[in-house]
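So the structure is just underneath, and the comments pick up after that.
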Amino acid sequence: MFHLAQSLYESWNRKEGLDNAGKTTFLEQLKSEYIPNYKKLPPNRILPTVGQNVGTIPFTKKTQLKFWDVGGQNELRQFWSEYYQTAHAIIFVIDSCDKERLVECANVMTTIVNDEAVEGLPILMLANKQDIVDEMVNKLELQDIKEIFNPIAESLNARDSRVLPISAKTGDGVKEAIEWLEIRIIRNKTNRPPVLH
Ligand SMILES: Nc1nc2c(ncn2[C@@H]2O[C@H](COP(=O)(O)OP(=O)(O)OP(=O)(O)O)[C@@H](O)[C@H]2O)c(=O)[nH]1
Ligand SMILES: [Mg+2]
């Protein structure tokens, strides 16, 4: 049986020392969509991640996708690189409603793609929190996010990368995103073979 490893990464909240982009919410949403009878944690039970959350999704009869959701707080980022060697893809979650941290978010992304261990890995960038429609919130346009993040992901060699809009809260776009990723992971299996059990 294939066992495909993936990692979840994203930006962090410099001001509060916490991340808030929605990685854990996204993993909960994935579990509820792919694991029969899985009861999603209510949003108020999802705390900032300090260690890691691991989730295995039975994607097809033959394939499992394993996700490591790692905390995005600034001081936790030093541990991210430990995951790169065994990862088959990276998912980078962006808070579309956090314009103030966009530059820092882009800098974190640049650091990730410049790590040699990440070379050739597909990178999926999720413009999260698309459900928020509030005139008081200065939300980023999807096109703006693409213009910033696509060139970063594509800067080293030819690699598969894509910015997709999602709402981890409502689940909109989540299945499409994972289906995109699964195709790229399989396409890249010569470089990063699956873990066989
Ligand atoms: N409206 C809305 N809120 C969201 C969405 N995704 C996450 N949130 C909220 O954003 C906050 C942070 O979500 P988390 O999933 O804990 O974020 P995280 O990226 O795992 O944060 P760290 O673990 O600190 O790195 C919570 O209040 C969530 O309910 C979304 O798609 N829409
Ligand atoms: Mg978290």
Side-chain angles (χ1 to χ4, degrees), residues 6-34 40-50 53 55 67-77 80 89-114 118 122-155 159-182 184:
Q6 304 177 322
S7 298
L8 296 165
Y9 301 111
E10 49 78 60
S11 67
W12 76 104
N13 182 340
R14 182 182 61 152
K15 279 183 187 151
E16 300 166 13
L18 301 173
D19 208 321
N20 198 43
K23 297 182 301 297
T24 306
T25 308
F26 172 67
L27 185 54
E28 279 301 303
Q29 186 65 39
L30 268 182
K31 285 178 178 173
S32 73
E33 291 201 25
Y34 287 98
K40 205 164 53 163
L41 274 176
N44 61 358
R45 295 261 322 272
I46 298 178
L47 302 173
T49 307
V50 178
N53 297 310
F67 295 81
W68 278 269
D69 160 28
V70 287
Q73 296 176 43
N74 196 8
E75 61 273 22
L76 298 176
R77 286 190 295 127
W80 290 1
I90 289 176
I91 302 175
F92 192 87
V93 183
I94 299 158
D95 182 343
S96 306
C97 297
D98 200 348
K99 213 168 189 171
E100 280 184 19
R101 286 183 291 154
L102 186 65
V103 172
E104 290 173 277
C105 194
N107 288 341
V108 172
M109 180 76 186
T110 304
T111 307
I112 293 172
V113 300
N114 279 307
V118 166
I123 297 185
L124 173 60
M125 296 161 284
L126 298 177
N128 192 28
K129 307 196 183 181
Q130 293 296 328
D131 58 287
I132 295 179
V133 185
D134 182 344
E135 283 175 12
M136 302 297 285
V137 175
N138 202 0
K139 194 167 149 200
L140 289 154
E141 294 296 326
L142 188 63
Q143 192 53 34
D144 295 337
I145 294 177
K146 284 182 178 173
E147 277 172 20
I148 293 171
F149 287 92
N150 276 337
I152 299 172
E154 289 161 4
S155 62
R159 78 167 90 213
D160 261 326
S161 64
R162 179 72 58 89
V163 175
L164 291 176
I166 65 154
S167 166
K169 185 180 175 184
T170 65
D172 280 347
V174 167
K175 272 200 168 166
E176 291 86 340
I178 292 308
E179 283 164 10
W180 180 90
L181 199 65
E182 197 230 5
R184 270 69 195 179

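Of all the heavy atoms in S155 and V113, the pair that sits closest is OG-CG2, 4.1 Å. For M109 against I123, the heavy-atom pair with the smallest separation is CE-CG2, 3.6 Å. Among all heavy-atom pairs drawn from G55 and L27, the shortest one is N-CD2, 4.2 Å. Considering all non-hydrogen atoms of both residues, S96 and A127 come closest at OG-C, 3.2 Å.
Sorted by first and then second residue, the pairs that involve residues 128-144 and meet salt bridge (charged side-chain N to carboxylate O under 4.0 Å, His left out), not counting sequence neighbours, are D95-K129.
Rounding to the nearest 0.5 angstrom, the gap separating the CG atom in N53 from the NZ atom in K23 is 9.5 Å.
Contacts of L140 classified as side-chain contact (heavy atoms from CB on, under 4.5 Å), with partners at least two apart in sequence or in another chain: K99, L102, I145. Residues that satisfy the side chain to side chain donor-acceptor pair (under 3.5 Å) test with T25, not counting sequence neighbours, are absent from this structure. The side-chain contact (heavy atoms from CB on, under 4.5 Å) test applied to A106 returns I148, F149, I152, not counting sequence neighbours. Residues forming a side-chain contact (heavy atoms from CB on, under 4.5 Å) with R162 (at least two apart in sequence, or on another chain): L164, W180, R184. Remark: E33 pairs with Q29 by the side chain to side chain donor-acceptor pair (under 3.5 Å) rule, at least two apart or across chains.
With contacts defined as side-chain heavy-atom distances shorter than 4.5 Å, the pair F26/N128 does not qualify.
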